[in-house]
Amino acid sequence: MKFKQPQTLQQIASLIEAEFVGASNFSITGINEIHVVENGDIVFVDHPKYYDKALESNATTILINKEVACPEGKSLLISDDPFRDFNKITKHFNPFIASKSTISETAIIGEGTIIQPNVFIGDNVSIGKNCVIHPNVTIYSGSVIGENVTIHANTVLGADAFYYKNRPEGFDKLLSGGRVVIKNNVDLGASCTIDRGVTGDTTIGEGTKIDNQVHIGHDTVIGKKCLIASQTGIAGCVVIEDEVTMWGQVGMASGITIGKGAVIQAQSGISKSLEGGKSYFGYPAEEVRTKLRELATIKRIVKDFNKK
């Protein structure tokens, strides 16, 4: 999430009431999660396991809960609760604003686009030319939709990320300040749910076709010309490269990559990254031929055991 204008280290420190290490006028241009940080961003870290990863990342300001040596060319914000303070920053620069109409006056809707009854379109949404948005679709504020996109009934774009910190008093939610971006020539089936990014974009690539009742988690990036069948669940921060096919009821863990041209057969469970250009099946998913040989071996073992 980029700020509308750069902030100084001093300004951010004052906002969250934190100590800082670095020049008071050190420039900060946004906040992001570790997997998408860029020069000028703040990243937060609150566990020793990830200190080095955060300090060595592309982020130039690290919001951290321990005094450590500051890497050259970077700055630190020292906080007793980085998770809480990251939320403060998100809320300050991207506050929730209640809508006053079903279709916001700030929404941009392209020529030839059809909006069916009972559609909700939030603030600063952009929809390109020649789209069809069917009844009861909900498009949260800030979403970006390209041209020639079809979205079927009851689909929701831009709900919050499923991202919580477990505290003694209950689960604390990480606020979502990102967007959903749908590229040109995408079809979305009925009752799909695509969560916004926490700080970046959840993106559906050009020409991708998604069936009914598919869930896509926060900050996931899906490439061009993918086919995703019904009841597939994709967790957050997944990268699906171009021309991947997923059949029904595939489940996928967070933070993995599916290579270009991979085919994943129905009801497979994906717990790790998979190479492109191959077909996969089962849980945990393996190449189809390997999995079928494995299942055949197990079947023979069971058969032989039952003969005894």
Side-chain angles (χ1 to χ4, degrees), residues 1-97 106 108 123-126 140-144 158 160-161 163 165 172-181 195-203 218-221 236-237 239 255:
M1 184 182 80
K2 297 300 183 184
F3 303 145
K4 291 181 179 179
Q5 50 187 291
Q7 304 293 305
T8 67
L9 183 63
Q10 174 70 69
Q11 286 173 315
I12 299 297
S14 297
L15 172 66
I16 62 176
E17 300 178 341
E19 297 179 4
F20 65 89
V21 177
S24 61
N25 63 349
F26 190 91
S27 180
I28 299 173
T29 56
I31 60 174
N32 261 319
E33 287 190 280
I34 189 70
H35 62 287
V36 289
V37 286
E38 301 173 341
N39 188 281
D41 286 342
I42 298 171
V43 68
F44 87 90
V45 60
D46 58 5
H47 194 288
K49 181 179 178 180
Y50 302 109
Y51 285 168
D52 287 345
K53 184 176 181 179
L55 291 164
E56 295 167 7
S57 72
N58 291 328
T60 43
T61 299
I62 295 85
L63 176 59
I64 189 168
N65 59 345
K66 182 181 179 181
E67 292 188 22
V68 295
C70 183
E72 185 177 353
K74 299 191 178 187
S75 65
L76 303 177
L77 290 160
I78 312 299
S79 163
D80 65 326
D81 193 335
F83 188 99
R84 176 202 65 208
D85 289 338
F86 200 75
N87 272 346
K88 282 185 182 179
I89 297 169
T90 299
K91 190 173 183 178
H92 180 82
F93 289 101
N94 190 15
F96 173 76
I97 300 173
T106 62
I108 299 171
D123 293 336
N124 302 310
V125 168
S126 174
Y140 282 60
S141 297
S143 298
V144 177
D160 287 346
Y163 195 138
K165 183 178 180 66
D172 193 4
K173 182 177 182 176
L174 187 66
L175 300 180
S176 297
R179 308 182 301 173
V180 169
V181 176
D195 290 348
R196 68 175 60 220
V198 170
T199 54
D201 295 335
T202 303
T203 304
H218 69 90
D219 294 286
T220 283
V221 176
C237 305
V239 175

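Positions are given from 1, in the same order as the sequence printed here.
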**Request:** Indicate yes or no for a side-chain donor-acceptor contact from Asp172 to the backbone of Arg84 under 3.5 Å, with no hydrogens or angles considered.
**Result:** no

**Request:** Would you check if Ile12 and Thr61 make a side-chain contact, meaning some heavy-atom pair closer than 4.5 Å?
**Result:** no

**Request:** Show the numbers, then the answer: is there a side-chain hydrogen bond (donor to acceptor under 3.5 Å, both in side chains) between Asn39 and Thr60?
**Result:** CA-CA 6 Å; Asn39 188 281; Thr60 43; 4.6 Å; no

**Asked** Do you know the tightest heavy-atom contact between Ala59 and Val43?
**Response** CB-CG1, 3.5 Å

**Request:** Only counting residues at least two apart or in another chain, list the ones meeting salt bridge (charged side-chain N to carboxylate O under 4.0 Å, His left out) with Glu56.
**Result:** none

**Request:** For the residue pair Asp160 and Asp195, establish whether any side-chain heavy-atom pair is separated by less than 4.5 Å.
**Result:** no

**Asked** Under a 4.5 Å cut-off applied to non-hydrogen side-chain atoms, are Asp46 and Lys165 in contact?
**Response** yes

**Prompt:** Does some side-chain heavy atom of Thr199 sit less than 4.5 Å from a side-chain heavy atom of Phe86?
**Reply:** yes

**Request:** Measure across Cys237 and Glu33 and return the closest heavy-atom pair with its distance rounded to 0.1 Å.
**Result:** SG-OE1, 4.4 Å

**Request:** Mark yes or no for whether Ser143, through its side chain, and Gly158, through its backbone, hold a donor-acceptor pair below 3.5 Å.
**Result:** no

**Prompt:** Under 3.5 Å, is there a donor-acceptor pair between the side chain of Gln7 and the main chain of Gln5?
**Reply:** yes

**Prompt:** Within the side chain of Arg196, is there an N or O that forms a donor-acceptor pair under 3.5 Å with the backbone of Val180?
**Reply:** no

**Item:** Pairwise distance CD1(Ile16) to CG(Leu63) - rounded to 0.5 angstrom
**Value:** 5.0 Å

**Asked** Which heavy-atom pair separates Ser57 from Ala54 by the least distance, and what is that distance?
**Response** OG-O, 2.7 Å

**Evaluation steps, side-chain contact (heavy atoms from CB on, under 4.5 Å), between Phe93 and Leu15** = CA-CA 11 Å; Phe93 289 101; Leu15 172 66; 4.0 Å; yes

**Message:** Tell me the closest heavy-atom pair linking Ala13 and Phe20, and the distance in Å.
**Reply:** CB-CD2, 3.6 Å

**Message:** Tell me whether Asp123 contacts the main-chain N or O of Gly142 through its side chain, where contact means a donor paired with an acceptor under 3.5 Å.
**Reply:** no

**Message:** Which heavy atom of Asp219 sits nearest to which heavy atom of His35, and what is that distance?
**Reply:** CB-NE2, 3.7 Å

**Fill in**
Between the CG atom in Leu9 and the CG atom in Asn25, the distance rounded to the nearest 0.5 Å is 9.0 Å

**Asked** Between Phe3 and Ile31, does a side-chain contact (heavy atoms from CB on, under 4.5 Å) hold up when you go through it step by step?
**Response** CA-CA 8 Å; Phe3 303 145; Ile31 60 174; 3.9 Å; yes

**Request:** Take atom OH of Tyr51 as the centre, draw a 6.0 Å sphere, and report whether it contains more than 12 heavy atoms from other residues, nucleotides or ligands.
**Result:** yes

**Request:** Report yes if some heavy atom in the side chain of Asp41 is under 4.5 Å from a heavy atom in the side chain of Asn58; otherwise report no.
**Result:** no

**Prompt:** Rounded to the nearest 0.5 Å, what separation is found between the CD1 atom of Ile28 and the CD atom of Gln10?
**Reply:** 10.5 Å

**Message:** For a quick check under 3.5 Å, do Ser141 and Asn124 share a side-chain donor-acceptor pair by atom type?
**Reply:** no

**Prompt:** Looking at residues at least two apart in the chain, or sitting in another chain, which of them share a side chain to side chain donor-acceptor pair (under 3.5 Å) with Thr8?
**Reply:** Gln11

**Euclidean distance, Glu17 CD relative to Leu77 CG, rounded to 0.5 Å** = 13.0 Å

**Asked** Hey, does the side chain of Asn87 reach the backbone of Lys173 with a donor-acceptor pair shorter than 3.5 angstrom?
**Response** yes

**Asked** What class does the angle between the rings of Phe83 and Phe44 fall in, given that below 30° is parallel, 30 to 60° is tilted and above 60° is perpendicular?
**Response** perpendicular

**Fill in**
Taken to the nearest 0.5 Å, the spacing of Lys53 NZ from Ile34 CD1 works out to 6.0 Å

**Asked** Which heavy atom of Gly197 sits nearest a heavy atom of Ser176, and at what distance?
**Response** O-CB, 3.9 Å

**Message:** Once rounded to the nearest 0.5 Å, what's the spacing between atom CD of Glu19 and atom CG of Asp80?
**Reply:** 10.0 Å

**Request:** Report yes or no: does Lys74 contribute a side-chain atom to a donor-acceptor pair with the main-chain N or O of Leu55 at less than 3.5 Å?
**Result:** yes

